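This report concerns only the one structure given below.
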Protein chains: 2
Amino acid sequence: MATVAVENYLKHVLLLSDGAEELVPMGSLAAALAVVPGTATAMVKALADDGLLEHQPRLGVRLTTRGRRIALNVLRKHRLVETFLVETLKMDWSKVHAEAEQLEHAVSDEVLDRLDALLGHPRQDPHGDPIPSRAGKIDSQVYATLATCATGRRLRIVRVTEQSEEFLRFAEGSGLRPGAELSVTERNLVSGLVALDRPDGGTVALGVAAAGKILVEPRG
Amino acid sequence: MATVAVENYLKHVLLLSDGAEELVPMGSLAAALAVVPGTATAMVKALADDGLLEHQPRLGVRLTTRGRRIALNVLRKHRLVETFLVETLKMDWSKVHAEAEQLEHAVSDEVLDRLDALLGHPRQDPHGDPIPSRAGKIDSQVYATLATCATGRRLRIVRVTEQSEEFLRFAEGSGLRPGAELSVTERNLVSGLVALDRPDGGTVALGVAAAGKILVEPRG
DNA sequence: AGAGTTATTTTGACTAATCAAAATAGTTGG
DNA sequence: CCAACTATTTTGATTAGTCAAAATAACTCT
(Lines give C-alpha, C1' and ligand atoms only; values in the text may rest on other atoms or scores of the structure.)
Protein backbone atom coordinates (compact mmCIF):
# COMPACT_ATOMS: atom_id res chain seq x y z
CA MET A 1 0.00 0.00 0.00
CA ALA A 2 1.10 3.53 -0.71
CA THR A 3 2.05 5.54 2.37
CA VAL A 4 0.52 8.90 3.19
CA ALA A 5 3.63 10.66 1.85
CA VAL A 6 3.54 8.72 -1.40
CA GLU A 7 -0.14 9.48 -1.89
CA ASN A 8 0.54 13.16 -1.32
CA TYR A 9 3.41 13.29 -3.80
CA LEU A 10 1.32 11.59 -6.47
CA LYS A 11 -1.72 13.74 -5.80
CA HIS A 12 0.26 16.96 -6.06
CA VAL A 13 1.97 15.89 -9.27
CA LEU A 14 -1.51 15.25 -10.68
CA LEU A 15 -2.82 18.62 -9.51
CA LEU A 16 0.20 20.48 -10.84
CA SER A 17 0.25 18.73 -14.21
CA ASP A 18 -3.08 20.29 -15.03
CA GLY A 19 -4.41 18.07 -17.75
CA ALA A 20 -1.70 15.48 -18.24
CA GLU A 21 1.30 15.82 -20.47
CA GLU A 22 3.71 18.49 -19.27
CA LEU A 23 6.51 17.79 -16.82
CA VAL A 24 6.03 19.18 -13.33
CA PRO A 25 9.20 20.99 -12.20
CA MET A 26 10.70 19.86 -8.89
CA GLY A 27 10.51 23.35 -7.50
CA SER A 28 6.74 23.62 -7.73
CA LEU A 29 6.29 20.09 -6.47
CA ALA A 30 8.48 20.79 -3.44
CA ALA A 31 6.63 24.04 -2.79
CA ALA A 32 3.22 22.36 -3.05
CA LEU A 33 4.29 19.70 -0.58
CA ALA A 34 6.01 22.18 1.72
CA VAL A 35 9.32 20.28 1.70
CA VAL A 36 12.79 21.47 0.72
CA PRO A 37 13.77 20.69 -2.89
CA GLY A 38 16.29 18.03 -1.89
CA THR A 39 13.59 16.06 -0.13
CA ALA A 40 11.42 16.11 -3.23
CA THR A 41 14.31 14.91 -5.37
CA ALA A 42 15.01 11.99 -3.04
CA MET A 43 11.37 10.97 -2.83
CA VAL A 44 10.80 11.33 -6.55
CA LYS A 45 13.70 9.02 -7.29
CA ALA A 46 12.19 6.39 -5.02
CA LEU A 47 8.78 6.78 -6.67
CA ALA A 48 10.37 6.52 -10.10
CA ASP A 49 12.07 3.28 -9.00
CA ASP A 50 8.64 2.01 -7.98
CA GLY A 51 7.27 2.88 -11.40
CA LEU A 52 4.80 5.45 -10.11
CA LEU A 53 6.28 8.37 -11.98
CA GLU A 54 8.86 9.25 -14.56
CA HIS A 55 11.71 11.51 -13.51
CA GLN A 56 13.61 13.50 -16.11
CA PRO A 57 16.55 14.91 -14.11
CA ARG A 58 16.65 18.70 -14.04
CA LEU A 59 13.40 18.86 -15.99
CA GLY A 60 10.69 17.46 -13.81
CA VAL A 61 8.30 14.57 -13.27
CA ARG A 62 5.27 13.06 -14.89
CA LEU A 63 2.93 10.37 -13.57
CA THR A 64 2.98 6.90 -15.06
CA THR A 65 -0.31 5.14 -15.66
CA ARG A 66 -0.01 3.37 -12.31
CA GLY A 67 0.88 6.57 -10.49
CA ARG A 68 -1.96 8.40 -12.13
CA ARG A 69 -4.43 5.72 -11.11
CA ILE A 70 -3.41 6.08 -7.47
CA ALA A 71 -3.40 9.88 -7.62
CA LEU A 72 -6.90 9.98 -9.12
CA ASN A 73 -8.18 7.68 -6.41
CA VAL A 74 -6.74 9.92 -3.70
CA LEU A 75 -8.23 12.98 -5.37
CA ARG A 76 -11.58 11.22 -5.60
CA LYS A 77 -11.41 10.48 -1.88
CA HIS A 78 -10.47 14.05 -1.10
CA ARG A 79 -13.31 15.57 -3.06
CA LEU A 80 -15.97 13.12 -2.03
CA VAL A 81 -14.99 13.60 1.59
CA GLU A 82 -15.25 17.36 1.16
CA THR A 83 -18.69 16.92 -0.32
CA PHE A 84 -19.73 14.70 2.55
CA LEU A 85 -18.47 17.15 5.13
CA VAL A 86 -20.49 19.99 3.58
CA GLU A 87 -23.61 18.11 2.51
CA THR A 88 -24.06 15.67 5.35
CA LEU A 89 -22.22 17.23 8.28
CA LYS A 90 -23.05 20.82 7.27
CA MET A 91 -19.52 22.06 7.71
CA ASP A 92 -18.37 25.36 6.31
CA TRP A 93 -16.82 24.92 2.85
CA SER A 94 -13.86 27.04 3.94
CA LYS A 95 -12.79 24.39 6.45
CA VAL A 96 -13.34 21.12 4.66
CA HIS A 97 -10.15 21.14 2.61
CA ALA A 98 -7.92 20.76 5.64
CA GLU A 99 -10.10 17.99 7.05
CA ALA A 100 -10.11 16.13 3.76
CA GLU A 101 -6.31 16.29 3.58
CA GLN A 102 -6.28 13.96 6.56
CA LEU A 103 -9.26 11.78 5.73
CA GLU A 104 -8.29 11.12 2.11
CA HIS A 105 -5.58 8.77 3.37
CA ALA A 106 -7.77 6.91 5.84
CA VAL A 107 -10.89 6.21 3.81
CA SER A 108 -11.00 2.75 2.23
CA ASP A 109 -12.33 2.10 -1.24
CA GLU A 110 -15.40 0.45 0.23
CA VAL A 111 -16.23 3.42 2.44
CA LEU A 112 -15.56 5.64 -0.56
CA ASP A 113 -18.13 3.82 -2.67
CA ARG A 114 -20.71 4.04 0.06
CA LEU A 115 -20.09 7.74 0.58
CA ASP A 116 -20.45 8.23 -3.16
CA ALA A 117 -23.80 6.45 -3.14
CA LEU A 118 -25.00 8.31 -0.02
CA LEU A 119 -24.26 11.61 -1.73
CA GLY A 120 -25.94 10.59 -4.98
CA HIS A 121 -22.77 10.25 -7.08
CA PRO A 122 -21.89 13.93 -7.19
CA ARG A 123 -19.79 15.21 -10.08
CA GLN A 124 -18.32 18.24 -8.31
CA ASP A 125 -17.25 18.97 -4.78
CA PRO A 126 -18.38 22.07 -2.85
CA HIS A 127 -15.74 24.21 -4.57
CA GLY A 128 -16.90 23.09 -7.99
CA ASP A 129 -13.81 20.90 -8.47
CA PRO A 130 -14.61 17.84 -10.58
CA ILE A 131 -14.68 14.50 -8.76
CA PRO A 132 -12.85 11.72 -10.63
CA SER A 133 -15.09 8.75 -11.40
CA ARG A 134 -14.31 5.38 -9.87
CA ALA A 135 -12.89 4.42 -13.24
CA GLY A 136 -10.50 7.37 -13.09
CA LYS A 137 -12.18 9.73 -15.54
CA ILE A 138 -12.10 13.38 -14.62
CA ASP A 139 -13.81 16.28 -16.27
CA SER A 140 -11.09 18.56 -17.61
CA GLN A 141 -13.21 21.24 -19.20
CA VAL A 142 -11.45 24.56 -19.50
CA TYR A 143 -13.30 27.59 -18.20
CA ALA A 144 -12.75 31.31 -18.36
CA THR A 145 -11.89 33.08 -15.11
CA LEU A 146 -13.01 36.42 -13.76
CA ALA A 147 -9.58 37.66 -14.84
CA THR A 148 -9.99 36.56 -18.47
CA CYS A 149 -13.69 36.45 -19.33
CA ALA A 150 -15.61 38.99 -21.40
CA THR A 151 -17.01 41.93 -19.43
CA GLY A 152 -20.65 42.85 -19.34
CA ARG A 153 -22.05 39.36 -19.93
CA ARG A 154 -24.11 37.47 -17.43
CA LEU A 155 -21.99 34.67 -15.88
CA ARG A 156 -22.32 31.82 -13.48
CA ILE A 157 -19.50 30.74 -11.16
CA VAL A 158 -18.60 27.10 -11.74
CA ARG A 159 -15.55 26.67 -9.61
CA VAL A 160 -13.30 28.33 -7.03
CA THR A 161 -9.77 26.99 -7.40
CA GLU A 162 -8.17 28.00 -4.15
CA GLN A 163 -8.47 26.07 -0.94
CA SER A 164 -7.16 28.44 1.69
CA GLU A 165 -9.57 29.13 4.50
CA GLU A 166 -9.09 32.91 4.32
CA PHE A 167 -9.77 33.07 0.61
CA LEU A 168 -12.87 30.94 0.89
CA ARG A 169 -14.22 32.97 3.78
CA PHE A 170 -13.77 36.09 1.69
CA ALA A 171 -15.48 34.42 -1.30
CA GLU A 172 -18.35 33.24 0.89
CA GLY A 173 -18.77 36.68 2.37
CA SER A 174 -18.87 38.24 -1.09
CA GLY A 175 -21.38 35.77 -2.48
CA LEU A 176 -18.78 34.19 -4.74
CA ARG A 177 -19.60 30.50 -4.55
CA PRO A 178 -20.26 27.96 -7.27
CA GLY A 179 -23.66 28.52 -8.81
CA ALA A 180 -23.76 32.25 -8.02
CA GLU A 181 -24.49 34.58 -10.92
CA LEU A 182 -22.80 37.85 -11.68
CA SER A 183 -21.17 39.95 -14.36
CA VAL A 184 -17.85 41.72 -14.67
CA THR A 185 -18.48 45.45 -14.97
CA GLU A 186 -14.94 46.59 -15.23
CA ARG A 187 -11.45 45.20 -15.48
CA ASN A 188 -8.37 47.37 -15.29
CA LEU A 189 -5.20 45.45 -15.97
CA VAL A 190 -3.03 48.41 -15.02
CA SER A 191 -4.43 48.81 -11.54
CA GLY A 192 -5.10 45.09 -11.39
CA LEU A 193 -8.69 45.58 -10.31
CA VAL A 194 -11.79 43.64 -11.30
CA ALA A 195 -15.28 44.91 -10.44
CA LEU A 196 -18.36 42.69 -10.31
CA ASP A 197 -22.10 43.17 -10.18
CA ARG A 198 -24.32 40.72 -8.39
CA PRO A 199 -27.95 40.20 -9.40
CA ASP A 200 -29.02 41.49 -5.98
CA GLY A 201 -27.43 44.80 -6.89
CA GLY A 202 -24.34 44.36 -4.72
CA THR A 203 -20.90 45.03 -6.12
CA VAL A 204 -17.57 43.39 -5.33
CA ALA A 205 -14.03 44.46 -6.20
CA LEU A 206 -11.05 42.14 -6.20
CA GLY A 207 -7.54 41.89 -7.63
CA VAL A 208 -6.76 40.02 -10.83
CA ALA A 209 -4.82 37.34 -8.98
CA ALA A 210 -7.90 36.53 -6.90
CA ALA A 211 -10.17 36.90 -9.93
CA GLY A 212 -8.08 34.27 -11.73
CA LYS A 213 -9.03 31.73 -9.08
CA ILE A 214 -12.72 31.99 -9.90
CA LEU A 215 -13.88 30.06 -12.95
CA VAL A 216 -17.06 31.04 -14.76
CA GLU A 217 -19.24 30.10 -17.70
CA PRO A 218 -21.78 32.17 -19.62
CA ARG A 219 -25.15 31.87 -17.94
CA GLY A 220 -27.04 29.11 -19.83
CA MET B 1 -0.08 16.54 18.21
CA ALA B 2 0.15 12.88 19.06
CA THR B 3 1.26 10.66 16.19
CA VAL B 4 -0.73 7.65 15.04
CA ALA B 5 1.65 5.32 16.91
CA VAL B 6 1.32 7.32 20.12
CA GLU B 7 -2.47 7.31 19.87
CA ASN B 8 -2.42 3.55 19.39
CA TYR B 9 -0.19 2.90 22.37
CA LEU B 10 -2.37 5.04 24.61
CA LYS B 11 -5.59 3.52 23.32
CA HIS B 12 -4.38 -0.02 23.91
CA VAL B 13 -3.15 0.75 27.40
CA LEU B 14 -6.63 2.09 28.12
CA LEU B 15 -8.34 -0.98 26.66
CA LEU B 16 -6.05 -3.38 28.51
CA SER B 17 -6.30 -1.59 31.85
CA ASP B 18 -9.98 -2.44 31.99
CA GLY B 19 -11.31 0.03 34.45
CA ALA B 20 -8.31 2.05 35.53
CA GLU B 21 -5.92 1.16 38.25
CA GLU B 22 -3.92 -1.98 37.49
CA LEU B 23 -0.62 -1.88 35.66
CA VAL B 24 -0.67 -3.20 32.11
CA PRO B 25 2.23 -5.63 31.57
CA MET B 26 4.55 -4.88 28.65
CA GLY B 27 3.93 -8.29 27.17
CA SER B 28 0.22 -7.81 26.65
CA LEU B 29 0.72 -4.28 25.41
CA ALA B 30 3.27 -5.45 22.85
CA ALA B 31 0.98 -8.28 21.78
CA ALA B 32 -2.02 -5.96 21.42
CA LEU B 33 0.02 -3.61 19.26
CA ALA B 34 1.63 -6.43 17.28
CA VAL B 35 5.17 -5.23 17.99
CA VAL B 36 8.09 -7.05 19.58
CA PRO B 37 8.50 -6.42 23.33
CA GLY B 38 11.63 -4.32 22.90
CA THR B 39 9.75 -1.89 20.69
CA ALA B 40 7.06 -1.45 23.28
CA THR B 41 9.66 -0.81 26.00
CA ALA B 42 11.36 1.87 23.90
CA MET B 43 8.11 3.59 23.01
CA VAL B 44 6.77 3.41 26.54
CA LYS B 45 9.87 5.11 27.89
CA ALA B 46 9.37 7.94 25.42
CA LEU B 47 5.70 8.27 26.37
CA ALA B 48 6.62 8.29 30.05
CA ASP B 49 9.10 11.11 29.36
CA ASP B 50 6.27 13.00 27.71
CA GLY B 51 4.11 12.49 30.78
CA LEU B 52 1.48 10.43 28.99
CA LEU B 53 1.96 7.32 31.05
CA GLU B 54 3.78 5.99 34.06
CA HIS B 55 6.27 3.20 33.55
CA GLN B 56 7.21 0.92 36.42
CA PRO B 57 10.11 -1.08 35.00
CA ARG B 58 9.50 -4.84 34.88
CA LEU B 59 5.96 -4.31 36.14
CA GLY B 60 4.03 -2.44 33.54
CA VAL B 61 2.43 0.84 32.58
CA ARG B 62 -0.51 2.98 33.60
CA LEU B 63 -1.96 6.06 31.91
CA THR B 64 -1.53 9.46 33.44
CA THR B 65 -4.44 11.86 33.43
CA ARG B 66 -3.15 13.46 30.25
CA GLY B 67 -2.58 10.13 28.57
CA ARG B 68 -6.00 8.93 29.59
CA ARG B 69 -7.63 12.02 28.16
CA ILE B 70 -6.02 11.40 24.78
CA ALA B 71 -6.80 7.69 24.86
CA LEU B 72 -10.46 8.30 25.65
CA ASN B 73 -10.71 10.76 22.79
CA VAL B 74 -9.25 8.23 20.36
CA LEU B 75 -11.60 5.56 21.65
CA ARG B 76 -14.52 7.94 21.26
CA LYS B 77 -13.50 8.56 17.67
CA HIS B 78 -13.15 4.86 17.01
CA ARG B 79 -16.55 3.96 18.37
CA LEU B 80 -18.43 6.88 16.89
CA VAL B 81 -16.89 6.15 13.51
CA GLU B 82 -17.97 2.52 13.81
CA THR B 83 -21.47 3.65 14.62
CA PHE B 84 -21.48 5.99 11.64
CA LEU B 85 -20.27 3.27 9.31
CA VAL B 86 -23.05 0.92 10.38
CA GLU B 87 -25.89 3.40 10.87
CA THR B 88 -25.30 5.83 8.05
CA LEU B 89 -23.28 3.88 5.51
CA LYS B 90 -24.98 0.54 6.26
CA MET B 91 -21.75 -1.37 6.48
CA ASP B 92 -21.54 -4.80 8.01
CA TRP B 93 -20.63 -4.62 11.70
CA SER B 94 -17.99 -7.29 11.15
CA LYS B 95 -15.96 -4.95 8.95
CA VAL B 96 -16.19 -1.60 10.66
CA HIS B 97 -13.54 -2.22 13.29
CA ALA B 98 -10.72 -2.34 10.74
CA GLU B 99 -12.00 0.78 9.01
CA ALA B 100 -12.28 2.67 12.28
CA GLU B 101 -8.70 1.76 13.18
CA GLN B 102 -7.63 3.98 10.31
CA LEU B 103 -10.23 6.72 10.60
CA GLU B 104 -9.85 7.24 14.36
CA HIS B 105 -6.54 9.00 13.68
CA ALA B 106 -7.82 11.20 10.85
CA VAL B 107 -11.08 12.54 12.27
CA SER B 108 -10.80 15.98 13.85
CA ASP B 109 -12.61 16.95 17.02
CA GLU B 110 -14.96 19.14 15.02
CA VAL B 111 -15.92 16.35 12.65
CA LEU B 112 -16.29 14.10 15.67
CA ASP B 113 -18.81 16.44 17.28
CA ARG B 114 -20.80 16.66 14.09
CA LEU B 115 -20.84 12.91 13.64
CA ASP B 116 -22.00 12.57 17.23
CA ALA B 117 -24.87 14.97 16.60
CA LEU B 118 -25.78 13.33 13.28
CA LEU B 119 -26.06 9.97 15.04
CA GLY B 120 -28.09 11.38 17.92
CA HIS B 121 -25.38 11.13 20.59
CA PRO B 122 -25.28 7.34 20.79
CA ARG B 123 -24.06 5.73 24.02
CA GLN B 124 -22.90 2.43 22.49
CA ASP B 125 -21.34 1.43 19.22
CA PRO B 126 -22.66 -1.42 17.06
CA HIS B 127 -20.87 -4.00 19.21
CA GLY B 128 -22.41 -2.61 22.38
CA ASP B 129 -19.12 -1.06 23.48
CA PRO B 130 -19.68 2.14 25.44
CA ILE B 131 -18.75 5.39 23.70
CA PRO B 132 -16.80 7.80 25.95
CA SER B 133 -18.53 11.16 26.32
CA ARG B 134 -16.80 14.28 25.03
CA ALA B 135 -15.90 15.01 28.64
CA GLY B 136 -14.17 11.63 28.89
CA LYS B 137 -16.71 9.72 30.93
CA ILE B 138 -17.17 6.11 29.97
CA ASP B 139 -19.71 3.63 31.21
CA SER B 140 -17.78 0.88 32.98
CA GLN B 141 -20.64 -1.29 34.09
CA VAL B 142 -19.64 -4.89 34.67
CA TYR B 143 -21.77 -7.51 33.00
CA ALA B 144 -21.97 -11.27 33.19
CA THR B 145 -20.88 -13.23 30.14
CA LEU B 146 -22.34 -16.32 28.54
CA ALA B 147 -19.49 -18.20 30.24
CA THR B 148 -20.35 -16.96 33.73
CA CYS B 149 -24.07 -16.12 33.89
CA ALA B 150 -26.76 -18.19 35.52
CA THR B 151 -28.32 -20.85 33.27
CA GLY B 152 -31.98 -21.04 32.47
CA ARG B 153 -32.76 -17.34 32.83
CA ARG B 154 -33.90 -15.12 30.02
CA LEU B 155 -31.03 -12.83 28.94
CA ARG B 156 -30.34 -10.00 26.56
CA ILE B 157 -26.99 -9.54 24.84
CA VAL B 158 -25.53 -6.13 25.66
CA ARG B 159 -22.12 -6.34 24.15
CA VAL B 160 -19.78 -8.46 22.02
CA THR B 161 -16.20 -7.82 23.07
CA GLU B 162 -14.24 -9.21 20.18
CA GLN B 163 -13.53 -7.33 17.01
CA SER B 164 -12.23 -9.94 14.63
CA GLU B 165 -14.15 -10.21 11.41
CA GLU B 166 -14.46 -14.00 11.62
CA PHE B 167 -15.86 -13.97 15.11
CA LEU B 168 -18.37 -11.27 14.29
CA ARG B 169 -19.51 -13.05 11.15
CA PHE B 170 -20.09 -16.16 13.23
CA ALA B 171 -21.97 -14.14 15.86
CA GLU B 172 -24.09 -12.45 13.22
CA GLY B 173 -24.88 -15.78 11.60
CA SER B 174 -25.94 -17.22 14.95
CA GLY B 175 -28.15 -14.29 15.88
CA LEU B 176 -25.76 -13.20 18.63
CA ARG B 177 -25.79 -9.42 18.35
CA PRO B 178 -26.46 -6.73 20.95
CA GLY B 179 -30.14 -6.62 21.79
CA ALA B 180 -30.79 -10.26 20.93
CA GLU B 181 -32.48 -12.35 23.60
CA LEU B 182 -31.64 -15.87 24.61
CA SER B 183 -30.97 -18.19 27.51
CA VAL B 184 -28.18 -20.56 28.43
CA THR B 185 -29.56 -24.07 28.53
CA GLU B 186 -26.42 -25.90 29.45
CA ARG B 187 -22.85 -25.20 30.38
CA ASN B 188 -20.28 -27.94 30.76
CA LEU B 189 -16.98 -26.65 32.06
CA VAL B 190 -15.26 -29.97 31.50
CA SER B 191 -16.03 -30.18 27.79
CA GLY B 192 -15.96 -26.39 27.57
CA LEU B 193 -19.30 -26.23 25.83
CA VAL B 194 -22.10 -23.69 26.24
CA ALA B 195 -25.52 -24.30 24.70
CA LEU B 196 -28.03 -21.52 24.01
CA ASP B 197 -31.72 -21.26 23.16
CA ARG B 198 -33.03 -18.46 21.03
CA PRO B 199 -36.61 -17.23 21.34
CA ASP B 200 -37.25 -18.35 17.75
CA GLY B 201 -36.52 -21.89 18.88
CA GLY B 202 -33.06 -22.10 17.35
CA THR B 203 -30.15 -23.40 19.39
CA VAL B 204 -26.48 -22.47 19.29
CA ALA B 205 -23.44 -24.17 20.78
CA LEU B 206 -20.12 -22.48 21.40
CA GLY B 207 -16.97 -22.88 23.47
CA VAL B 208 -16.46 -21.14 26.79
CA ALA B 209 -13.72 -18.90 25.38
CA ALA B 210 -16.13 -17.57 22.78
CA ALA B 211 -18.96 -17.42 25.31
CA GLY B 212 -16.80 -15.22 27.51
CA LYS B 213 -16.72 -12.60 24.77
CA ILE B 214 -20.47 -12.11 24.89
CA LEU B 215 -21.81 -9.94 27.70
CA VAL B 216 -25.39 -10.23 28.84
CA GLU B 217 -27.86 -8.83 31.33
CA PRO B 218 -31.05 -10.34 32.70
CA ARG B 219 -33.93 -9.42 30.41
CA GLY B 220 -35.55 -6.31 31.95
C1' DA C 1 31.71 33.60 -24.10
C1' DG C 2 31.88 34.49 -19.28
C1' DA C 3 29.63 36.08 -14.96
C1' DG C 4 25.94 35.78 -12.26
C1' DT C 5 21.58 33.97 -11.05
C1' DT C 6 18.40 30.16 -10.34
C1' DA C 7 16.92 25.34 -10.12
C1' DT C 8 18.18 20.90 -8.98
C1' DT C 9 20.81 17.29 -7.04
C1' DT C 10 24.03 15.43 -3.70
C1' DT C 11 25.78 14.61 0.77
C1' DG C 12 25.54 14.07 5.58
C1' DA C 13 22.74 14.11 9.51
C1' DC C 14 18.49 13.54 12.16
C1' DT C 15 13.89 11.57 14.12
C1' DA C 16 10.25 8.19 14.78
C1' DA C 17 9.25 3.64 14.78
C1' DT C 18 10.47 -0.63 14.17
C1' DC C 19 13.02 -5.69 14.48
C1' DA C 20 16.52 -9.22 15.97
C1' DA C 21 19.08 -10.94 19.26
C1' DA C 22 21.78 -10.64 23.50
C1' DA C 23 21.62 -9.38 28.39
C1' DT C 24 19.26 -9.06 32.64
C1' DA C 25 15.88 -9.50 36.26
C1' DG C 26 12.25 -12.13 38.49
C1' DT C 27 9.81 -16.23 39.50
C1' DT C 28 9.24 -21.05 40.36
C1' DG C 29 9.94 -25.90 41.15
C1' DG C 30 12.60 -29.35 42.78
C1' DC D 1 18.72 -22.17 47.27
C1' DC D 2 19.93 -22.86 42.81
C1' DA D 3 18.69 -24.10 38.04
C1' DA D 4 15.55 -23.22 34.54
C1' DC D 5 12.18 -20.70 32.63
C1' DT D 6 9.77 -16.35 31.45
C1' DA D 7 9.27 -11.46 30.96
C1' DT D 8 11.51 -7.36 30.16
C1' DT D 9 15.11 -4.37 28.83
C1' DT D 10 19.27 -3.25 26.18
C1' DT D 11 21.93 -2.85 22.18
C1' DG D 12 22.74 -2.38 17.41
C1' DA D 13 20.59 -1.98 12.83
C1' DT D 14 17.12 -0.67 9.52
C1' DT D 15 13.55 2.10 6.95
C1' DA D 16 10.84 6.20 5.63
C1' DG D 17 10.84 10.79 5.44
C1' DT D 18 12.81 14.84 6.37
C1' DC D 19 16.30 19.31 6.64
C1' DA D 20 20.64 22.04 5.92
C1' DA D 21 24.05 23.18 3.20
C1' DA D 22 27.39 22.28 -0.45
C1' DA D 23 27.93 20.98 -5.31
C1' DT D 24 26.43 21.03 -9.91
C1' DA D 25 23.90 22.11 -13.99
C1' DA D 26 21.27 25.23 -16.78
C1' DC D 27 19.84 29.61 -18.22
C1' DT D 28 20.27 34.68 -18.97
C1' DC D 29 22.19 38.86 -20.04
C1' DT D 30 25.18 41.77 -21.74
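When reading the values below, keep in mind they use all heavy atoms of this one structure, side chains included, and skip hydrogens, waters and symmetry mates. Order of the sequence lines sets the chain letters (A, B, ...), proteins ahead of strands, with each chain counted from 1. Predicted model, so just to flag it, every value in this text is computed and none were measured.
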Practice task
Determine the contact category for V36(B): base if any of its heavy atoms lies under 4.0 Å from a base atom, sugar-phosphate if only primed atoms, P, OP1 or OP2 are that close, otherwise nothing.
Solution key: base

Exercise for the section: Return the set of residues passing side chain to side chain donor-acceptor pair (under 3.5 Å) with T41(B) (not counting sequence neighbours), or none when no residue passes. Expected result: none

Problem - Rounded interatomic separation in angstrom, taking CG from D50(B) and C1' from dT15(C) - result: 13 Å

Problem - Contacts of type side chain to side chain donor-acceptor pair (under 3.5 Å), residue D125(A), not counting sequence neighbours - result: none

Exercise for the section: Establish, from distance only, whether the side-chain atoms of Q141(A) and Y143(A) form a donor-acceptor pair under 3.5 Å. Expected result: yes

Completion exercise
Taken to the nearest whole Å, CG/D49(A) to P/dG17(D) is 13 Å

Exercise for the section: Consider only side-chain N and O atoms of D129(B) and H78(B), and report whether a donor and an acceptor are under 3.5 Å apart. Expected result: no

Completion exercise
Quick note, M43(A) side chain, CB onward, closest among dG17(D), dA20(D), dC19(C) is dG17(D)

Practice task
Would you tell me whether H127(A) and H97(A) have side-chain atoms, one donor and one acceptor, within less than 3.5 Å of each other?
Solution key: no

Practice task
Would you tell me if any nitrogen or oxygen in the side chain of Y9(B) comes within less than 4.0 Å of OP1 or OP2 on dA16(C)?
Solution key: no

Exercise for the section: Round to a whole Å and report the spacing from NE2 of H12(A) to C1' of dG17(D). Expected result: 16 Å

Exercise for the section: Take the protein atom CG of L33(A) and the nucleotide atom P of dT8(C), then report the distance between them rounded to whole Å. Expected result: 14 Å

Exercise for the section: Spell out protein contact along nucleotides 4-15 of chain D as letters: B when the base is contacted, S when just the sugar-phosphate is, - when no protein heavy atom is under 4.0 Å; keep the 5' to 3' order. Expected result: ---BBBB-----

Handout entry: Atom-pair distance (CG on L47(A); P on dA16(D)), nearest Å
Key = 11 Å

Handout entry: Donor + acceptor pair across side chains of Q56(A), E54(A) (<3.5 Å)
Key = yes

